[in-house]
Amino acid sequence: MTIIRTPADEAEARAVQDELRARVVLDEPGPPPGTGLVTGVDVAYDDERDVVVAAAVVLDAATLAVVEETTATGRVTFPYIPGLLAFREIPTVLSALESLENDPGLVVCDGYGRAHPRRFGLAGHLGVLTGLPVLGVAKNPFTFSYDPPGDRRGDSSPLVADDGEEVGRALRTRHGVKPVFVSVGHRISLDNACAHTLALARDFRLPESTRRADALCRRALREATA
DNA sequence: GCGACAG
DNA sequence: ATCTTGTCGC
């Protein structure tokens, strides 16, 4: 089991991000879309009862069929602070991933990777800690600006940082529906991350991996809380 | 100093 | 994230 120490405060958390960011690998294309396994991870909270449940759902990338599901329960160890989301989610997510029998393959998580104030969001953090290829798909653009992509499925527009770097992409996964926001976490290219997202979001706006993980951790939280 | 701000 | 019913539409 991987032991993760929770930072004592915001300053320490930011220092950890600055240190780990150097270990992100950005020059690998990543696995080809539609082959092998893809694992979605998500977390649900009950701050009142101080309970957090993470879910990991392994899918066959070609058929989107569920191959394996796991769940992990923990305590809330860090508050939600924009830019520091990873410290709140990662301990329990790691537990869920480690309890899988299958190799997770490509991991898809909620939130961002490169598209982060310090270029080190949840997806990058999870990638560095596990060594796995990881990409992030968020429902909101966080602090980055973008021009609306075209209306057709597959259309995209760059998410640009202040320094001009394309840190992610607004990607239209459904005709005329609000785009999702894709960014690279670890060991995958942005082009490939978008291709994977599109393949996974075959029937809905969000990738099947995150939809399944979201449903599972919510159900597990209800059952753990009831 | 104030507001914005992934989940 | 979470609090939450019905409702419009494919």
Side-chain angles (χ1 to χ4, degrees), chain A residues 6-7 10 13-14 16-17 20-21 24 40-57 71-94 96 107-128 134-146 153 159-162 167-171 173-186 190 193 197 201-207 209-226:
Chain A
T6 297
E10 295 186 34
R14 276 189 285 272
V16 169
Q17 290 182 326
L20 294 183
R21 184 182 49 231
V24 168
V41 293
D42 195 18
V43 177
Y45 300 93
D46 185 334
D47 287 280
E48 290 285 294
R49 304 183 189 226
D50 188 35
V51 177
V52 47
V53 175
V57 179
T71 254
T73 302
R75 294 293 182 188
V76 178
T77 57
F78 205 82
Y80 170 66
I81 299 171
L84 300 178
L85 175 66
F87 296 98
R88 181 169 167 81
E89 309 226 324
I90 272 187
T92 319
V93 167
L94 285 177
V107 176
V108 178
C109 60
D110 275 23
Y112 285 120
R114 278 297 276 178
H116 176 276
R118 286 172 296 283
R119 305 290 185 275
F120 193 68
L122 174 60
H125 204 139
L126 192 56
V128 166
V134 182
L135 68 86
V137 179
K139 306 177 214 48
N140 300 289
F142 203 9
T143 60
F144 298 95
S145 60
Y146 68 101
R153 168 175 158 81
L159 229 50
V160 185
D162 294 333
V167 294
R169 239 168 247 168
L171 176 66
T173 55
R174 297 283 285 177
H175 200 105
V177 174
K178 177 180 175 177
V180 296
F181 303 88
V182 180
S183 68
V184 159
H186 186 60
L190 183 54
T197 301
R202 190 187 60 189
D203 305 323
F204 301 93
R205 177 172 88 110
L206 295 176
S209 43
T210 51
R211 298 184 72 250
R212 296 304 258 258
D214 178 76
L216 179 55
C217 65
R218 290 204 209 208
R219 173 158 51 83
L221 179 63
R222 274 205 321 269
E223 292 167 359
T225 287

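Per chain, numbering begins at 1; letters A, B, ... match sequence-line order. These values consider heavy atoms only, across backbone and side chains, with no hydrogens, waters or symmetry-generated copies.
- Residues A/Val51 and A/Arg75 come closest through the heavy atom pair CG2-NH1, 3.9 Å.
- The CZ-P distance, from A/Phe120 to B/dA6, rounds to 19 Å in whole Å.
- If you measure from atom CZ of A/Arg49 to atom P of C/dA1, you get 19 Å, rounded to the nearest angstrom.
- Following rounding to the nearest Å, A/Asp42 (CG) and B/dA6 (C1') show an atom-to-atom distance of 12 Å.
- A pairwise comparison of heavy atoms in A/Arg88 and A/Phe78 identifies NH1-O, 3.0 Å as the closest pair.
- The number of heavy atoms from other shown groups lying within 6.0 Å of CD (A/Glu223) is above 12.
- Atoms CD (A/Glu89) and C1' (C/dA1) sit 8 Å apart, rounded to a whole Å.
- Atom CG in A/Asp203 sits about 13 Å away from atom C1' in C/dC10, given to the nearest Å.
- Under the 4.0 Å criterion applied to side-chain N and carboxylate O atoms, A/Lys139 and A/Asp110 are assigned as salt-bridge partners.
- Put simply, the side chain of A/Ser183 gets close to the backbone of A/Gly113: a donor and an acceptor are under 3.5 Å apart.
- Note: A/Phe144 and A/Tyr112 have perpendicular aromatic rings, judged against thresholds of 30 and 60 degrees for the angle between ring planes.
- As judged by a 4.0 angstrom heavy-atom cut-off over every strand, A/Leu122 is placed among the base-contacting residues.
- A/Phe181 has its ring centre less than 6.0 Å from the ring centre of A/Tyr146.
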Legend entry - Structure string for DNA chain B in dot-bracket form, Watson-Crick and G-U at under 3.5 Å, | interchain: .......
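- For A/Val167 against A/Ala161, the heavy-atom pair with the smallest separation is CG1-CB, 3.9 Å.
- Among the protein residues, A/Ala44 comes within range of the sugar-phosphate backbone only, with heavy atoms under 4.0 Å from sugar or phosphate atoms but none that close to a base.
- Phosphate contact (OP1/OP2 of B/dA6, side-chain N/O of A/Arg88, threshold under 4.0 Å): absent.
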Legend entry - Nucleotide pairing, DNA chain C (Watson-Crick or G-U, distances under 3.5 Å), in dot-bracket with [ ] and |: ..........
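- When the side-chain nitrogen and oxygen atoms of A/Lys139 are compared with OP1 and OP2 of B/dG7, one or more of them lie within a distance under 4.0 Å.
- Here A/Leu84 lies in heavy-atom contact (under 4.0 Å) with a base.
- A distance cut-off of 5.5 Å between ring centres, combined with a plane angle under 30°, places A/Tyr80 in a stacking arrangement with the base of B/dG7.
- Using modelled atom types, no side-chain atom of A/Arg174 and backbone atom of A/Leu206 make a donor-acceptor pair closer than 3.5 Å.
- For A/His116, whose side chain is taken as the heavy atoms from C-beta onward, the closest listed nucleotide among B/dG7, C/dT2, B/dA6 is B/dA6.
- Between A/His186 and A/Val24, the shortest heavy-atom contact is ND1-CA, 3.7 Å.
- Nucleotide C/dT2 holds its P atom 13 Å from the CD atom of A/Glu48, rounded to whole Å.
- Judged by distance alone, with hydrogens and angles left aside, the side-chain atoms of A/Arg118 form no donor-acceptor pair with the main-chain N or O of A/Gln17 at under 3.5 Å.
- Distances shown here put a side-chain N or O of A/Asn140 below 4.0 Å from the OP1 or OP2 atom of B/dG7.
- A/Pro91 and A/Thr77 make their closest contact through CG-OG1, 4.4 Å (heavy atoms, listed as atom of the first residue, atom of the second, distance).
- Within 4.0 Å (heavy atoms only), A/Gly83 reaches at least one base atom of the nucleic acid.
- For A/Tyr112 and B/dC5, the OH to C1' distance is 11 Å, given to the nearest whole Å.
- Considering every non-hydrogen atom in both A/Val53 and A/Ala220, the closest pair reads CG1-CB, 3.6 Å.
- Between C/dT2, B/dG7, B/dC5, one nucleotide has an atom nearer to the side chain of A/Ala138 than all others, and that is B/dG7.
- Here B/dA6 presents its P atom at 12 Å from CG of A/Asp110, a figure rounded to the nearest Å.
- Distances shorter than 4.0 Å separate none of the side-chain N or O atoms of A/Tyr45 from OP1 or OP2 on C/dT2.
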Close N or O pairs between protein and nucleotides 4-9 of chain C (under 3.5 Å):
none

